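Report on one structure; see the data block that follows.
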2 protein chains.
Amino acid sequence: MSQNPILKSLIAEQLVSDPGSARGRLLTEAARLFRDKGYERTTVRDLAAAVGIQSGSLFHHFRTKEEILKAVMVETIRLNTALMQAAADQAESPRGKLKALVRAELESINGQTGEAMAVLVYEWRSLSEGSRAEVLELRDIYEGLWLSVLEELSGKGQLKAEPFIVRRMLTGALSWTVTWYKPERGGLTLDGLTEQVMAMMGL
Amino acid sequence: MSQNPILKSLIAEQLVSDPGSARGRLLTEAARLFRDKGYERTTVRDLAAAVGIQSGSLFHHFRTKEEILKAVMVETIRLNTALMQAAADQAESPRGKLKALVRAELESINGQTGEAMAVLVYEWRSLSEGSRAEVLELRDIYEGLWLSVLEELSGKGQLKAEPFIVRRMLTGALSWTVTWYKPERGGLTLDGLTEQVMAMMGL
DNA sequence: GTCTATAAAAAGATAGAC
DNA sequence: GTCTATCTTTTTATAGAC
């Protein structure tokens with residue numbers, strides 16, 4: 001199992017769980033179930049069965065079911081903030097940076113960690129009030145990354161609408177791809193999809 | 001209670017429930033609860049309380065809780081197909097038609113029927129397999145309306161990306177506005193938001 | 001058409017043995 | 001760290017009176 005160097009360093013810093021560990025495997029399976037069935041429809045018995053243990057044993061790892069949801073969200077946003085940062089750093093021009101961000105977010109949503117990204121976007125309501133604050137704080141960092149690139153682009157007159165509105169439109173549009181984009185069949189590659197998104201914005 | 005003439009004629013044809021009727025009021029309240037708490041977190045007791053009856057009495061109107069979800073979706077898509085058709089018919093040019101569709105969908109999502117539109121988009125997973133077919137059939141008509149306008153625009157060389165991809169991006173982007181767009185505070189009107197969306201596409 | 005009462009099942013969580 | 005067994009609560013749905 002070869003691992004992304006970014007993921008590797010986050011694991012070393014204990015900011016995300018090793019996918020090979022018991023906790024990591026549970027969170028991976030939880031993300032998949034939460035995306036497919038929704039958090040509420042997923043029972044603790046489903047979660048336990050997915051990693052091959054009994055439901056009672058789950059509570060040795062997490063105090064409540066909601067704590068699992070929160071962990072999925074926190075670790076996902078930490079990982080993806082690092083991924084976006086790395087993507088943006090690779091490019092020089094503002095346009096190149098935006099394209100790299102779009103590509104990276106599409107990859108996250110439709111790739112291995114896609115389940116977890118979808119959970120982050122669509123299961124917000126199921127997070128308890130207390131947990132929201134922590135996730136929100138992390139999300140602000142993530143969004144700040146996007147905004148700084150969009151504002152740079154806007155400053156050069158290359159953006160046709162307001163940066164914060166463009167970002168919100170992109171959030172909706174890119175996350176929605178999880179419901180329809182199937183890279184396996186049909187000729188549209190991730191790069192092709194990225195191009196379409198950029199083209200749509202006249203970039 | 002003055003009513004939209006389009007809504008009025010749909011009620012007359014018994015394609016959607018009168019919001020004043022018992023059934024109509026229940027569906028309105030159900031849509032609101034389903035959007036705010038999610039379908040699964042909303043109990044039949046919540047639904048009953050929202051219209052001032054006991055939970056047992058609900059089952060005189062609907063056989064199951066899921067039937068309520070399905071009814072919300074079916075009636076919402078019927079109403080909105082009619083609304084989009086009327087909007088598109090008002091404009092002459094392809095660009096004008098697209099703008100009218102964007103405006104109308106934003107209005108639906110963020111206006112009085114917005115709760116129900118959000119349910120349609122975000123509660124799809126909670127619909128039983130059997131019910132999906134019926135809703136899907138109606139959705140195809142709705143989407144066909146958008147596609148014909150986008151293809152017309154594309155034929156004139158005014159669209160920078162493929163019609164079906166643009167539509168899917170718009171679906172995600174416009175429905176996502178329900179999570180952040182607050183017309184009351186902040187200066188952005190619905191027309192302003194519509195302009196931003198069109199501008200983003202270079203239109 | 002709504003009420004009360006309750007059946008029947010499902011779900012989150014706990015306790016103690018191994 | 002996982003198992004079995006079970007408690008407690010919640011939830012959908014039903015039955016029959018009014």
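In the text below, chain A, chain B and the rest are named by the order of the sequence lines, each starting its count at 1. These values consider heavy atoms only, across backbone and side chains, with no hydrogens, waters or symmetry-generated copies. These numbers were taken from a predicted model, which means no experiment stands behind them.
- Ion pairing between a basic and an acidic side chain is recognised when a charged N comes within 4.0 Å of a carboxylate O; A/Glu107 and A/Arg103 show such pairing.
- Nearest nucleotide to the B/Ser57 side chain, out of D/dA13, C/dT2, C/dA11: C/dT2.
- We find that CZ of A/Arg23 is positioned 14 Å from P of D/dT2, with the value rounded to whole Å.
- In the set D/dT11, C/dT2, D/dT2, D/dT11 carries the atom at the smallest distance from any side-chain atom of B/Arg45.
- Using a 4.0 Å cut-off between a side-chain N of Lys or Arg and a carboxylate O of Asp or Glu, A/Glu123 and B/Arg125 qualify as a salt bridge.
- If you measure from atom CD of B/Glu66 to atom C1' of D/dT11, you get 16 Å, rounded to the nearest angstrom.
- Under the salt bridge (Lys or Arg N to Asp or Glu O under 4.0 Å) rule, B/Asp46 has a single partner from B/Lys65, B/Arg32, B/Lys37, which is B/Lys37.
- The CZ atom of B/Arg41 sits 18 Å away from the C1' atom of D/dT12 (whole-angstrom rounding).
- Rounding to whole angstrom units, CD of residue A/Glu40 and P of C/dA10 are separated by 17 Å.
- Separating the CG atom of A/Leu47 from the P atom of C/dA11 is a distance of 11 Å, rounded to the nearest angstrom.
- Spacing between atom NZ of A/Lys65 and atom P of D/dT8 amounts to 22 Å, rounded to whole angstrom units.
- Toward the 5′ end of DNA chain D lies the nearest nucleotide of A/His60, the other residue of the pair A/Ser55 and A/His60 mapping further downstream.
- At least one side-chain heavy atom of B/Gln3 sits under 4.5 Å from a side-chain heavy atom of B/Lys8.
- Atoms CZ (B/Arg63) and P (D/dT14) sit 9 Å apart, rounded to a whole Å.
- You'll find that the side chain of B/Phe59 is closest to D/dT14, out of D/dT14, C/dA11, D/dT11.
- Residue B/Gln54 contributes atom CD, which lies 17 Å from atom P of D/dA13 at whole-angstrom precision.
- For A/His61, whose side chain is taken as the heavy atoms from C-beta onward, the closest listed nucleotide among D/dG1, C/dC3, D/dT14 is D/dG1.
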